[in-house]
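Residues take their numbers from the sequence shown, with the count starting at 1.
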Amino acid sequence: MVSPIRILNLEDRPEDSELAQRELRRGGLSFDLARVDTGLDFAQALENFRPDVILCDYSLPELTGLEALAMAREKAPHVPVIIFTGTVSEETAVACLKAGAVDYVLKDKPIRLPAAVETALKNRREKEEKTRAEEALRESESRYRTLVDSAPDAIVTVDSGGHIRLWNAAAEDVFGYSALELVGTPLLRIIPERFHQEHARHFEARAATRQPFRRTVAVTALRSDGLEFPAEVSLSSAPGQGDVSFTAVVRDLTERLSAQKALEELSRQHELLLNSAGEGIVGLDPDGTISFANPAALSLLRRDASDLLGKALHALVAAPGRGVGRP
């Protein structure tokens, strides 16, 4: 069941209030109407009656319509106000609309009143829905921004023109630029100059297709101090209305590649040490498969590496009638 419309009527003439009610009923509206005729009663009713719409006469003994509008804007800024009055000049009507009234209806043409009330309420609902949607969007964007800024990897969003639109806290740490310095500037600022043409070619091709994509590539990036560094970039696109945005999650590979290089060097030295040992050394996988045999072991066993590597351990056991190391 739809609740009745709460209408606050600021009107000093009871017969004019009755006129308004007759027209509203004739228009099929269900309403509760409270009439007040003083500024004090009007102020109290704004707080206690909590109207959905206000009908306000322009000429009142204690205050003018413009003064009543000012009170309504202060105490109930979201409630639409309709001036319901006798003949007024065009200048007065314009002044009321500028002061915040959503419409005005002349008392000698009250037939328009129901439609004016319905339109005012419809516009109010649409405005409230838009406000809620905008607040939800702001909240969503705030949560997204918090999530992005807490990410351990640099996150950069670029528009179809190649300009940076989002630059998170990790990007500031990785590249050495603040968001204030980079947002709105070309992405080329963080790409070494020798790669500019190649980047522009690939970027334009991706933007032109308008097809969503995801890929991970290895690139060379540029810090604010001019130093280059290796990076892994996970790219994705999100076509929108009339535009395409690209998001890059950038991970600095400097430490990883340095650790990998150190591990490879350690492995090389370890292998060199084993190969130079005078004793025969054979390495086994957890399942007993031979994975390594140094030169001393091959010489001792008189076997080639191809005879042993990848074979089971029993390959070292002499065949019947032969001794280990015998031809």
Side-chain angles (χ1 to χ4, degrees), residues 1-140:
M1 181 177 179
V2 180
S3 301
I5 303 167
R6 294 189 301 276
I7 299 177
L8 179 57
N9 186 197
L10 180 55
E11 174 62 69
D12 62 323
R13 293 167 55 88
E15 59 271 27
D16 287 345
S17 182
E18 285 294 332
L19 171 65
Q21 294 180 63
R22 284 197 303 271
E23 290 300 326
L24 293 172
R25 293 192 189 97
R26 187 177 290 119
L29 299 185
S30 174
F31 61 90
D32 291 331
L33 185 142
R35 184 181 72 86
V36 295
D37 57 8
T38 67
L40 178 60
D41 290 341
F42 182 55
Q44 292 176 343
L46 288 172
E47 296 181 1
N48 300 328
F49 185 63
R50 300 176 65 83
D52 297 312
V53 66
I54 298 169
L55 299 182
C56 178
D57 192 5
Y58 184 80
S59 300
L60 297 160
E62 290 189 8
L63 70 167
T64 67
L66 291 177
E67 291 170 334
L69 279 166
M71 292 177 60
R73 295 282 70 76
E74 178 183 355
K75 295 182 177 297
H78 303 299
V79 179
V81 179
I82 298 172
I83 300 297
F84 185 55
T85 189
T87 302
V88 294
S89 66
E90 183 177 343
E91 181 180 342
T92 299
V94 171
C96 290
L97 294 174
K98 286 184 176 180
V102 298
D103 202 349
Y104 70 94
V105 178
L106 300 179
K107 292 177 179 177
D108 60 353
K109 296 179 181 179
I111 191 173
R112 206 171 65 80
L113 187 59
V117 170
E118 289 182 319
T119 299
L121 292 174
K122 177 184 177 183
N123 291 341
R124 178 186 177 181
R125 285 192 298 269
E126 291 176 350
K127 185 176 181 180
E128 289 174 344
E129 290 172 359
K130 180 181 178 181
T131 299
R132 284 194 294 269
E134 290 173 346
E135 290 175 351
L137 179 60
R138 284 194 294 270
E139 183 179 351
S140 176

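- When the side-chain contact (heavy atoms from CB on, under 4.5 Å) test is applied to Val102, the partners found at least two apart in sequence or on another chain are Pro80, Ile82, Ala120.
- Nearest heavy atom pair, residue Gly86 against residue Leu106, reads O-CD2, 3.3 Å.
- Contact of the Leu29 side chain with the Ile7 side chain is not registered, since no non-hydrogen atoms from C-beta on lie closer than 4.5 Å.
- Closest of all the heavy-atom pairs between Leu97 and Ala101 is CD2-O, 3.4 Å.
- Checked against side-chain contact (heavy atoms from CB on, under 4.5 Å), Pro110 has the following partners two or more places apart in sequence or in another chain: Leu19, Glu23, Phe84.
- Between Glu128 and Arg124 a salt bridge is recorded (basic side-chain N to carboxylate O distance below 4.0 Å).
- Put simply, the side chain of Arg35 reaches to within 4.5 Å of the side chain of Pro14, judged on heavy atoms.
- Residue pairs meeting the side chain to side chain donor-acceptor pair (under 3.5 Å) criterion with at least one member in residues 94-121, sequence neighbours excluded: Glu11-Lys107, Asp16-Lys107, Asp57-Lys107, Asp103-Arg112.
- Atom CZ of Arg73 sits about 9.5 Å away from atom NE2 of His78, to the nearest 0.5 Å.
- Atom CG of Leu137 has more than 12 neighbouring heavy atoms from other residues, nucleotides or ligands inside a 6.0 Å radius.
- Note on Arg6 versus Asp52: salt bridge recorded, some NZ/NE/NH1/NH2 to OD/OE distance being below 4.0 Å.
- For the side chain to side chain contact (heavy atoms under 4.5 Å, CB included) criterion with Pro51, the lone passing option out of Leu8, Leu33, Asn9 is Leu8.
- Only one option out of Thr38, Val81, Asp37, Leu60 pairs with Leu10 in a side chain to side chain contact (heavy atoms under 4.5 Å, CB included); it is Leu60.
- Annotation: the span from Glu135 atom CD to Glu139 atom CD amounts to 9.0 Å, rounded to 0.5 Å.
- For the pair Leu66 and Ala95, the tightest heavy-atom approach, listed with the atom from each and the gap, is CD2-O, 3.7 Å.
- The main-chain N or O of Met71 is never found under 3.5 Å from a side-chain atom of Glu74 such that the two would form a donor-acceptor pair.
- For the atom pair CD1 of Ile83 and CD1 of Ile54, the computed distance is 9.5 Å after rounding to the nearest 0.5 Å.
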Assess the residue pair Asn123 and Lys127 against the criterion (side-chain contact (heavy atoms from CB on, under 4.5 Å)); give the C-alpha distance rounded to whole Å, side-chain angles, the decisive distance to 0.1 Å, and a yes or no.
CA-CA 6 Å; Asn123 291 341; Lys127 185 176 181 180; over 6 Å; no
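- Listed here is the closest heavy atom pair of Ala72 and Leu46: CA-CD1, 4.1 Å.
- In terms of heavy-atom proximity, Asp32 sits nearest to Phe49 at O-CZ, 3.6 Å.
- Minimum heavy-atom separation, Leu63 to Gly39: CD2-N, 4.1 Å.
- Between atom CZ of residue Phe42 and atom CD of residue Glu47 there is a gap of 11.5 Å, rounded to the nearest 0.5 Å.
- Glu91 CD: 12 or fewer foreign heavy atoms inside a 6.0 Å radius.
- With contacts defined as side-chain heavy-atom distances shorter than 4.5 Å, the pair Cys56/Leu69 does not qualify.
- No more than 12 heavy atoms of other residues, nucleotides or ligands lie within 6.0 Å of CD in Glu90, so this atom counts as exposed by the packing criterion.
- Using a distance-only test at 3.5 Å, with no hydrogens or angles considered, a donor-acceptor pair links the side chain of Asn48 to the main chain of Gln44.
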